[in-house]
Undergrad: 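Here you go, one structure.
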Amino acid sequence: VAVSDAAGNRAGPLRVGVLGCGNVGAAFVALVDSGSDAIRGRTGIELEVTRIAVRDTARPRPGIDAASLEKRVLNDPHALVADPEVDIVVELMGGLEPARTVILEALSLQKPVISANKELLSSSVAELALAAEVAGVDLLFEASVAGAIPLVRLLGESLAGEHIVRLTGIVNGTTNYMLTRMSEEGLGYAEALAEAQLLGYAEADPTADVEGYDAAAKAAILAGIAFDADVRSVDVYREGITHIEASDIAFSHKLGYEIKLLAIAERVGRVGGGLEEDPPAVSVRVHPAMVPKEHPLASVRGSFNAVFVEGDAAGELMVYGRGAGGLPTASAVLGDVIDAAHHLREGGRARAVRLRTPDLHPIAELKGQYYLVLDVLDRPGVLASVAAVLGDHSVSIRSMEQIGLGDEARLVFITHVALEADLQATLKSLSALDSVKRLGSVLRVIGPEKA
Ligand SMILES: NC(=O)c1ccc[n+]([C@@H]2O[C@H](COP(=O)([O-])OP(=O)(O)OC[C@H]3O[C@@H](n4cnc5c(N)ncnc54)[C@H](OP(=O)(O)O)[C@@H]3O)[C@@H](O)[C@H]2O)c1
């Protein structure tokens, strides 16, 4: 029987309703079931999972004993949210609907919501954050980016006063695993993908990972928190790793680089722009890049994630850890639930996300260095004509390697800093040359020249 304390708070444990009991949901329920005494000992917060919504109520759930599951399980997420035995809602179903609707229902009932749903948050965070603001309760989503790594909290709280200049992250464990295997074992793309699928790192349909959609959703969420900007995944420039060849990896090693799929969110300087531009001028993008071996991100191996943060006052810092997996993600969810529980008990809220419509700069306006590969006819004058095309578009060559391939030659260039639009125009002109047989990979290069 619920009893209220003097402040009107209900005595006893805070009751958590969990929407979804898959990889993350089952791990979360098991963490709370087995750890509630320890959680109370450390935080003073008593938690109890009282309801669990799934599609198939008959299915056993790993780590949750059948009798206790049966008492709590139901198949109607709307009913779970409305249940008076639920104080805090944890959304671990994934997908856009019904997740969005049930989160809005929970917030309208002034129930705090914790979600790990990157797909939903990267398309609707402004709407959900506003609903939380109106209701005066928390909407927390640490687990939606980089699993167990406390990145949302780092950016939104520890670095709340920091003028963040740039975030550069490895936020997709599947592609980082594949690129690591290609780099360390010389595997081709197809072999690396088959291995990742065998180990359960990649889905049968790997599109979301290998084409960069997953990383783009996370980049949008991170940019939102770092720059108080309403960035959605559709706004993020995106390229995946499907075109990376074993020869690119071999070349990158020779030149002192590792190839990584990076999510980059950065402020873009504007003439006359002050410290806090309004709207914030930003670029958010996901693409593979050559990272110098001495950069901390180059040594992030396997399925690990890491994000390198650059701030005006804080300088450079990096967080590293498990970016996915049921248990690491459940750990981040639990941290948010404990925060929300503290706020319910003691009052207060997490810092509200202020989302302004950003001035998003297209990639064509950015400057960078590039790696490009051309297969050309091995004839006198060809190199001069290629160099002329580059020069005509103001793209200057920093280094070049030539490898004989019978009647053809492979030219591998690293450019000096150039405008992306000029580089794209260069590629168009190069592909029109009769002597150019194939345009190979084009990769952006991180440092050392300043853009
Ligand atoms: N897995 C990770 O490593 C990871 C990492 C970071 C973030 N996330 C995010 O965490 C969320 C959950 O991921 P997951 O891997 O745990 O997914 P999952 O294994 O597919 O689990 C989804 C769960 O939601 C339930 N569900 C789906 N639609 C439902 C509906 N309409 N009504 C009731 N229940 C419904 C499913 O029920 P049934 O079991 O009965 O089908 C299942 O239990 C996603 O947003 C994902 O992006 C996952």
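First listed ligand is number 1; within each ligand, the first listed atom is number 1.
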Undergrad: With a cut-off of 4.0 Å, which atoms of ligand 1 are near a heavy atom of A324?
TA: 3 (O)
Undergrad: Heavy atom of G147 under 4.0 Å from ligand 1?
TA: no
Undergrad: Are side-chain N/O atoms of D248 and Y371 paired as donor and acceptor at under 3.5 Å?
TA: yes
Undergrad: Residues in side chain to side chain donor-acceptor pair (under 3.5 Å) with Y189, at least two apart?
TA: none
Undergrad: Determine whether the side chain, the backbone, both or neither of P77 has a heavy atom under 4.0 Å from any heavy atom of ligand 1.
TA: side chain
Undergrad: Would one find more than 12 heavy atoms of other residues, nucleotides or ligands at under 6.0 Å from atom CD of E365?
TA: yes
Undergrad: Given the rule in the salt bridge (Lys or Arg N to Asp or Glu O under 4.0 Å) test, do R285 and E239 qualify, once you have shown the distances and angles that lead to the verdict?
TA: CA-CA 8 Å; R285 54 197 194 268; E239 255 176 55; over 6 Å; no
Undergrad: Report the part of N23 in contact with ligand 1, treating N, CA, C, O as backbone and CB onward as side chain, heavy atoms under 4.0 Å; options are side chain, backbone, both, neither.
TA: both
Undergrad: Going by the atom numbers of ligand 1, which of them fall below 4.0 Å from some non-hydrogen atom of N117?
TA: 45 (O)
Undergrad: Report the nearest protein non-hydrogen atom to atom 6 (C) of ligand 1: residue, atom name, distance rounded to 0.1 Å.
TA: T329 CG2, 3.5 Å
Undergrad: What protein heavy atom sits nearest atom 37 (O) of ligand 1, and how far off is it?
TA: R55 N, 3.2 Å
Undergrad: Identify, for atom 3 (O) of ligand 1, the protein heavy atom at the shortest distance, and state residue, atom and that distance.
TA: G325 N, 2.6 Å
Undergrad: Answer yes or no for R322 and F304: cation-pi contact, defined as NZ/CZ to six-membered ring centre under 6.0 Å and angle to ring axis within 45°.
TA: yes
Undergrad: Provide, to 0.1 Å, the distance between atom 48 (C) of ligand 1 and the closest protein heavy atom, together with that atom's residue and name.
TA: V24 CG2, 3.6 Å
Undergrad: As a quick check of understanding, evaluate side-chain contact (heavy atoms from CB on, under 4.5 Å) for V284 and L360, giving each step before the final call.
TA: CA-CA 8 Å; V284 191; L360 278 165; 4.2 Å; yes
Undergrad: Show me which atoms of ligand 1 lie under 4.0 Å from any heavy atom of K118.
TA: 6 (C), 7 (C), 8 (N), 47 (O)
Undergrad: Under 4.0 Å, heavy-atom basis, I'd like to know which part of R59 is in contact with ligand 1: side chain, backbone, both or neither.
TA: side chain
Undergrad: Scan R51, R15, R345 and name whichever one has a salt bridge (charged side-chain N to carboxylate O under 4.0 Å, His left out) with D87.
TA: R15
Undergrad: Note the single closest protein heavy atom to atom 9 (C) of ligand 1, along with its residue, its atom name and the distance in Å.
TA: A116 O, 3.2 Å
Undergrad: Among all protein non-hydrogen atoms, which one is nearest to atom 40 (O) of ligand 1, and what is the separation to 0.1 Å?
TA: D56 N, 2.7 Å
Undergrad: What verdict does the salt bridge (Lys or Arg N to Asp or Glu O under 4.0 Å) test give for D312 and R267, after you've listed the backbone C-alpha separation in whole Å, the side-chain angles of each residue and the deciding distance to 0.1 Å?
TA: CA-CA 12 Å; D312 269 354; R267 286 187 202 270; over 6 Å; no
Undergrad: Could you go through E420 and R444, starting from their C-alpha distance and side-chain angles, then the distance that decides it, and tell me whether this counts as salt bridge (Lys or Arg N to Asp or Glu O under 4.0 Å)?
TA: CA-CA 10 Å; E420 173 94 16; R444 296 169 185 86; 2.7 Å; yes
Undergrad: Is ligand 1 under 4.0 Å from a heavy atom in the side chain of S115, in the backbone, in both, or in neither?
TA: neither
Undergrad: Please step through side-chain contact (heavy atoms from CB on, under 4.5 Å) for the pair M318 and L297, ending with a clear verdict.
TA: CA-CA 9 Å; M318 187 164 98; L297 286 171; 3.9 Å; yes
Undergrad: Against ligand 1, does E91 come closer than 4.0 Å with any heavy atom?
TA: no
Undergrad: Hey, is ligand 1 close enough to P98 that some N/O pair sits below 3.5 Å?
TA: no
Undergrad: Suppose I only count heavy atoms of A143 and a 4.0 Å limit; which atoms of ligand 1 are within that range?
TA: 6 (C), 7 (C)
Undergrad: Show, in sequence, the C-alpha distance, side-chain angles and deciding distance for E85 and K71, and conclude whether the salt bridge (Lys or Arg N to Asp or Glu O under 4.0 Å) test is met.
TA: CA-CA 13 Å; E85 299 279 304; K71 279 189 226 143; over 6 Å; no
Undergrad: Between the side chain of E316 and the main-chain N/O of E310, is any donor-acceptor distance below 3.5 Å?
TA: no
Undergrad: Among all protein non-hydrogen atoms, which one is nearest to atom 43 (O) of ligand 1, and what is the separation to 0.1 Å?
TA: C21 N, 2.8 Å
Undergrad: Taking all atoms of both residues into account, what is the closest heavy-atom pair of S123 and E119, and its distance?
TA: OG-O, 3.3 Å
Undergrad: For atom 25 (C) of ligand 1, which protein heavy atom lies nearest, and how many Å away is it?
TA: G20 CA, 3.7 Å
Undergrad: Distance check, rounded to the nearest 0.5 Å: I39 atom CD1 versus I338 atom CD1?
TA: 5.0 Å
Undergrad: I'd like to know whether ligand 1 has L92 as a neighbour, heavy-atom separation below 4.0 Å.
TA: yes
Undergrad: Can you check atom 20 (O) of ligand 1: any protein non-hydrogen atom closer than 4.0 Å?
TA: no
Undergrad: Of the backbone atoms (N, CA, C, O) and the side-chain heavy atoms from C-beta on, which set of R322 has a member under 4.0 Å from an atom of ligand 1: side chain, backbone, both, or neither?
TA: neither
Undergrad: Do any non-hydrogen protein atoms sit less than 4.0 Å from atom 17 (O) of ligand 1?
TA: no
